[in-house]
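Just so we're clear, the structure is a prediction, and the values are computed from it rather than from any experiment. Order of the sequence lines sets the chain letters (A, B, ...), proteins ahead of strands, with each chain counted from 1.
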There are 2 protein chains.
Amino acid sequence: MKGLTDRQQEILDLIKSNLEENGLPPTRADIARTLGFKSPNAAEQHLRAIEKKGFISILAGASRGIILNTEEDLGIPVIGLVAAGGPILAQENIEKRIPQAQNILSNKIDYYLRVKGDSMVDVGIYENDLIGVNKNNPVKVGSIVIARIGEEVTVKTLESISSKQVVLKAENSEYSNIEINPEKDEIVFEGTCVGLLRDFS
Amino acid sequence: MKGLTDRQQEILDLIKSNLEENGLPPTRADIARTLGFKSPNAAEQHLRAIEKKGFISILAGASRGIILNTEEDLGIPVIGLVAAGGPILAQENIEKRIPQAQNILSNKIDYYLRVKGDSMVDVGIYENDLIGVNKNNPVKVGSIVIARIGEEVTVKTLESISSKQVVLKAENSEYSNIEINPEKDEIVFEGTCVGLLRDFS
DNA sequence: TTGATTACTGTGATTATATACAGTATAATA
DNA sequence: TATTATACTGTATATAATCACAGTAATCAA
């Protein structure tokens with residue numbers, strides 16, 4: 001799928017805004033009028049070009065027959081158990097997907113992770129809660145991080161970090177800290193916890 | 001806004017499914033074809049009737065000019081502080097609204113209530129969390145209830161209930177139970193807690 | 001029993017719309 | 001250098017689509 005030119009993008013945007021505001025696609029004449037073309041054929045040819053690049057489909061003979069070829073939003077994946085070895089977001093780990101609810105939580109969430117165990121109860125994170133994970137947030141001391149140590153994925157508070165030692169703190173007095181030497185053992189920060197969802201039964 | 005007849009509802013449903021599946025509204029001929037009318041005018045007249053009842057708008061002269069008059073989904077209200085005296089869902093209490101994200105939490109949520117104080121930390125409910133409240137769930141012993149005692153709204157676990165005494169338990173050892181005699185003091189159960197949202201900053 | 005509403009058929013004029021064909025001009029690509 | 005893609009104007013036309021007018025028939029309320 002090649003990229004659109006600026007002008008083509010303008011027309012695609014116009015189609016989208018037309019759909020959003022009026023609930024129906026524009027006609028060639030609509031497009032020409034809005035963008036100041038003196039011929040509706042200018043719009044026609046742009047539409048053909050955009051169709052050729054795969055962004056829309058044109059229904060032959062149908063008025064306003066412009067269909068957006070949007071890849072559907074699958075929703076945010078919910079990760080249950082992480083299979084040993086593979087990446088967290090591997091297909092086999094995805095328990096289900098829940099619809100992108102923008103604004104329901106304020107932060108950008110890349111995926112939800114179902115909490116196993118009670119190592120974080122002292123900060124109110126319980127077994128079976130879903131924590132919202134942001135993959136790109138900077139990992140800072142004091143924040144709750146999702147870390148992969150070897151093949152295991154764990155959620156802990158980052159207590160301290162240096163090139164020689166990383167300390168992860170369990171927020172439960174019955175657990176002790178995890179200390180890792182990153183030069184010896186592999187530790188990867190998969191993201192930080194930015195939100196939480198809980199269902200009461 | 002009067003109700004639609006069965007036939008009119010069928011046509012409204014057809015318009016909706018057409019919009020969903022094809023991304024554009026149907027023509028009169030489309031409607032006639034789908035429902036087996038031999039005249040497109042049958043569709044035309046149904047559309048006029050539906051417009052008259054307020055469910056759609058028809059753009060004069062425009063092809064496929066059918067616009068759904070859907071009252072927009074305001075979203076689930078988030079209640080911050082509850083003003084003394086009035087009902088919880090009073091306009092002045094609504095902090096904001098967050099979009100209906102069906103399936104994000106499994107239970108039906110009538111509104112979110114922002115948690116004040118730390119009386120429920122032992123079950124992982126913290127200050128500023130949003131608890132999802134269902135108004136109609138049966139109030140049972142052991143469930144977390146939203147109760148109004150006089151003019152104050154509080155979230156507690158229902159410990160026991162009888163005609164002579166209601167006991168509400170704070171899930172924090174620093175707080176003591178609240179005991180109410182419903183024959184003397186007014187207690188109203190506003191709902192039960194069925195979900196929880198938390199933002200990490 | 002008159003009128004209004006619902007639920008259609010049937011016809012046709014008018015206009016809205018898609019779309020082909022013929023150009024002009026510029027910039028990038030092979 | 002020829003070719004292709006972009007970005008239009010301008011004209012024309014077949015057909016897609018709205019929408020008005022004229023009916024038929026059944027149901028229901030005043």
Checklist outcome for this item: In short, side chain to side chain donor-acceptor pair (under 3.5 Å) pairs touching residues 25-38 of chain B with sequence neighbours left out are Thr27(B)-Asp30(B), Arg28(B)-Glu44(B), Asp30(B)-Arg33(B), Asp30(B)-Arg64(B)
Checklist outcome for this item: residues 130-145 of chain B vs side chain to side chain donor-acceptor pair (under 3.5 Å), sequence neighbours excluded, gives Asn137(B)-Thr192(B)
Item to check | Residues in salt bridge (Lys or Arg N to Asp or Glu O under 4.0 Å) contact with Glu127(A), at least two apart in sequence or another chain | outcome: none
Tabulated below should be each protein N or O lying under 3.5 Å from an N or O of nucleotides 26-30 of chain C; please produce it.
none

Checklist entry - Rounded to the nearest 0.5 Å, how far does CG of Leu12(A) lie from CZ of Arg7(A)? => result 13.5 Å
Checklist entry - Rounded to the nearest 0.5 Å, how far does CG of Leu197(B) lie from CG of Leu196(A)? => result 8.5 Å
Checklist entry - Tell me, which pairs form a salt bridge (Lys or Arg N to Asp or Glu O under 4.0 Å) where one or both residues lie in residues 176-199 of chain B, sequence neighbours left out? => result Asp129(B)-Arg198(B), Arg148(B)-Glu190(B)
Next on the checklist: Filter on salt bridge (Lys or Arg N to Asp or Glu O under 4.0 Å), then keep only pairs touching residues 11-25 of chain B, sequence neighbours left out; what's left?
Outcome noted: none
Between [atom2] of [N] and [atom1] of [X], the distance in whole Å:
{"X": "Leu35(A)", "N": "dA7(D)", "atom1": "CG", "atom2": "C1'", "value": "12 Å"}
{"X": "Glu10(A)", "N": "dT6(D)", "atom1": "CD", "atom2": "P", "value": "15 Å"}
{"X": "Gln9(A)", "N": "dA7(D)", "atom1": "CD", "atom2": "P", "value": "12 Å"}
{"X": "Asp6(A)", "N": "dA5(D)", "atom1": "CG", "atom2": "C1'", "value": "15 Å"}
{"X": "Ile31(A)", "N": "dT19(C)", "atom1": "CD1", "atom2": "P", "value": "12 Å"}
{"X": "Arg7(B)", "N": "dA26(D)", "atom1": "CZ", "atom2": "P", "value": "17 Å"}
{"X": "Ile50(B)", "N": "dT6(C)", "atom1": "CD1", "atom2": "C1'", "value": "12 Å"}
{"X": "Phe37(A)", "N": "dC8(D)", "atom1": "CZ", "atom2": "P", "value": "4 Å"}

Checklist entry - ring-ring contact (aromatic ring centres under 6.0 Å, His included): which pairs involve residues 167-193 of chain A, sequence neighbours left out? => result none
Checklist outcome for this item: Residue pairs meeting ring-ring contact (aromatic ring centres under 6.0 Å, His included), one or both in residues 3-46 of chain B, sequence neighbours left out, come to Phe37(B)-His46(B)
Checklist entry - Between Val153(B) and Ile79(B), does a side-chain contact (heavy atoms from CB on, under 4.5 Å) hold up when you go through it step by step? => result CA-CA 11 Å; Val153(B) 173; Ile79(B) 309 299; over 6 Å; no
Item to check | Rounded to 10 degrees, the angle between the two terminal axes of the helix from dT1(C)-dA30(D) to dT29(C)-dA2(D), each from five pairs | outcome: 30°
Write out a two-atom table: protein N or O, nucleotide N or O from nucleotides 28-30 of chain D, distance below 3.5 Å.
none

Compare side-chain N and O positions of [X] against OP1 and OP2 of [N] and report whether any pair is under 4.0 Å apart.
{"X": "Thr5(A)", "N": "dA7(D)", "value": "yes"}
{"X": "His46(B)", "N": "dT6(C)", "value": "no"}
{"X": "Lys53(B)", "N": "dT6(C)", "value": "yes"}

Next on the checklist: Regarding Ser39(A), tell me which of base, sugar-phosphate or nothing describes its non-hydrogen contacts under 4.0 Å with the strands shown.
Outcome noted: base
Item to check | Base versus backbone protein contacts along nucleotides 12-22 of chain D [heavy-atom cut-off under 4.0 Å; B, S, -] | outcome: ----SSSBBBB
Next on the checklist: Taking side-chain hydrogen bond (donor to acceptor under 3.5 Å, both in side chains) as the definition, give me every residue that meets it alongside Lys156(B), ordered by chain and number, with sequence neighbours left out.
Outcome noted: Ser119(B), Thr154(B)
